[in-house]
Engineer: 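Got a structure for you, questions after.
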Protein chains: 2
Amino acid sequence: MSTKEVTELQRRILDFIAQCVEEKGFPPSIREIGRRLRITSPSSVAYHLRVLESAGLLKRTDAISRGMSLASSPNELPILGAVAAGSGVIAAEDVEGHVTLDRDARRGADYLLRVKGDSMVGAGILEGDLVQVRRQDDARDGEIVVALVGEEGVVKRLRRKAGQAALESENPAYEPIRGPFQVAGKVVGLLRRY
Amino acid sequence: MSTKEVTELQRRILDFIAQCVEEKGFPPSIREIGRRLRITSPSSVAYHLRVLESAGLLKRTDAISRGMSLASSPNELPILGAVAAGSGVIAAEDVEGHVTLDRDARRGADYLLRVKGDSMVGAGILEGDLVQVRRQDDARDGEIVVALVGEEGVVKRLRRKAGQAALESENPAYEPIRGPFQVAGKVVGLLRRY
DNA sequence: TTCTTTAGTGGACATAAGTCCAATTGTAGT
DNA sequence: ACTACAATTGGACTTATGTCCACTAAAGAA
């Protein structure tokens, strides 16, 4: 299983399957996929499904109708223990698990980050909480963000005053961070487990 | 349709469908259901599916293979705006919506309750947060519970000292409640949307 | 009893659906 | 030009699958 590259068309097939499962509750047949994506021959669709399967994006049960399912639910979010300084990419080693939220609850988040420390208690964010993070390079004044300070990922409130950006804690014990940092994402939600 | 009673066998069919969707990613065929539940004739299974559909427990798309899906996901939690004093039963009028969580994230919760007021800010529970509540009559010292005080449902920390039970707020502005109250559930998690 | 409802059987049937195969096309590399 | 490969076609084939129909059996109700 070579985790090959996948073409645009194959990605659209994947999307269509996801859409069917979401809307109708079951996957499409090979011919339904073909009809939707203007592929006239079932063999051609089957070919793409084989590619998707060998790329690890699709699970298939051979020879039975609609015998396919997405390898990863589009609503499944990885739980990260920390944000790597390498930004963008998520290191698989840091993934503690997964949580599936429906589209509404997901709020466009890309991952969950486990909060370390008590610097945001004033905003109701406690140690151990999972914050839902949407990846983005920048954010507006007052928004709670995940930022990279050196190698470390932190959850703070972003302040923009007179062109100056700072990261404020919601805990009087901590000083604002004015040093260089990079916004990695915006906090769009929070999950806590008692 | 009459939302009829459903037999034990029909409930087991429903469970089997749920299990298939969970494990394999797609619903079973009529004959697969029959094989599992020792029903030798496909027509008989089809009969039960019709009953389940008219009971509103199953959605069906006629004449296509595996064309069925559960009407309500077993992992779907209703969002309540308030807990009714009538306890036990959930009034449909109070349901603001639904959120689907996977079994792990669900934590045995029965419903979500929207938090009113700031009496629990000290515990990181803010106004507007959704707390995951598992229904139960009692709880241990120190646990955060949903309790009925008169007609009103409140989220507080339960204190048991020397046989005396009280409801404490996590906000110095509020006094503990010692008057009569009834525990309705235990808070097992929290969701917040920014 | 008789009638009705619910539950189930078994077979026939049309078609929906996955698979196999030979052949074609276009693109990129040698 | 030749080769290799990815993408696609169309048809044939087999089986899986949902549905229809006639019939049976048990349990209640009238």
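Excluded from the calculations below are hydrogen atoms, water molecules and symmetry mates; all remaining heavy atoms, backbone and side chain alike, are included.
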Engineer: Counting only side-chain heavy atoms from C-beta out, which of C/dT6, C/dT9, D/dA7 sits nearest to B/Y47?
Structural biologist: C/dT6
Engineer: Quick check on D/dT9: is either OP1 or OP2 less than 4.0 Å from any side-chain nitrogen or oxygen of A/T40?
Structural biologist: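 Checking D/dT9 against A/T40, a side-chain N or O does come within under 4.0 Å of OP1 or OP2.
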Engineer: For a quick check, tell me whether the side chain of B/S43 and the base of C/dG8 share a donor-acceptor pair closer than 3.5 Å.
Structural biologist: no
Engineer: Under 4.0 Å from any atom of DNA chain D, heavy atoms only: list the residues of residues 58-72 of chain B that qualify, in numerical order.
Structural biologist: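 Correct list: B/R60, B/D62, B/A63, B/I64, B/S65, B/R66.
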Engineer: To the nearest angstrom, how far is A/L52 atom CG from D/dA6 atom P?
Structural biologist: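 From A/L52 CG to D/dA6 P: 15 Å.
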Engineer: Check each residue of residues 26-35 of chain A for a non-hydrogen atom within less than 4.0 Å of any atom in DNA chain C, then write out the ones that pass by number, or none.
Structural biologist: A/S29, A/I30, A/R31
Engineer: Check the surroundings of atom CD in B/E22: do more than 12 heavy atoms from other residues, nucleotides or ligands lie under 6.0 Å from it?
Structural biologist: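 Incorrect, the count does not exceed 12.
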Engineer: Starting at the 5' end of DNA chain C, which residue's closest nucleotide do you reach first, A/S41 or B/R38?
Structural biologist: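 Final value for this comparison: B/R38.
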Engineer: Could you tell me how far apart A/R50 (CZ) and C/dC20 (P) are, to the nearest whole angstrom?
Structural biologist: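 In whole Å, C/dC20 P and A/R50 CZ are 8 Å from each other.
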Engineer: In whole angstrom, what separates B/L9's CG from C/dT6's P?
Structural biologist: 15 Å
Engineer: Does a side-chain N or O from B/H48 land closer than 4.0 Å to OP1 or OP2 of C/dT6, or not?
Structural biologist: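 Answer is no, no contact under 4.0 Å.
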Engineer: Quick one: do B/D104 and A/R193 make a salt bridge, cutoff under 4.0 Å?
Structural biologist: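 Yes, B/D104 and A/R193 are salt-bridged.
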Engineer: Rounded to the Å, how far apart are B/I39 CD1 and D/dT17 P?
Structural biologist: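 Between P of D/dT17 and CD1 of B/I39: 16 Å.
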Engineer: Whole angstroms only, please: what is the CD-C1' distance between A/E8 and D/dA7?
Structural biologist: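 That distance rounds to 16 Å.
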Engineer: Apply the side chain to side chain contact (heavy atoms under 4.5 Å, CB included) test between B/I39 and each candidate in B/I30, B/L9, B/I33; give the one that qualifies.
Structural biologist: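 Between B/I39 and the candidates, side chain to side chain contact (heavy atoms under 4.5 Å, CB included) is satisfied uniquely by B/L9.
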Engineer: Among A/V155, A/V115, A/V145, find the residue that satisfies the side chain to side chain contact (heavy atoms under 4.5 Å, CB included) test when tested with A/V187.
Structural biologist: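 By the side chain to side chain contact (heavy atoms under 4.5 Å, CB included) criterion, A/V187 pairs with just one of A/V155, A/V115, A/V145: A/V155.
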Engineer: Heavy atoms only: give me the nearest B/E32-B/F16 pair and the separation to one decimal.
Structural biologist: O-CE2, 3.8 Å
Engineer: So if I apply the salt bridge (Lys or Arg N to Asp or Glu O under 4.0 Å) rule between A/D141 and each of A/R160, A/K161, A/R159, which one comes out positive?
Structural biologist: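 It is A/R159, the one option of A/R160, A/K161, A/R159 that forms the salt bridge (Lys or Arg N to Asp or Glu O under 4.0 Å) with A/D141.
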Engineer: What heavy-atom pair brings A/L49 and A/R60 nearest, and what distance separates the two atoms?
Structural biologist: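 Scanning both residues, the minimum pair turns out to be CD1-NH1, 3.7 Å.
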Engineer: Where do B/D102 and A/T100 come nearest, in terms of heavy atoms and distance?
Structural biologist: OD2-N, 2.6 Å
Engineer: Could you check whether A/K156 makes a cation-pi contact with A/Y174, meaning its NZ or CZ is under 6.0 Å from the centre of the six-membered ring and within 45° of the ring axis?
Structural biologist: yes
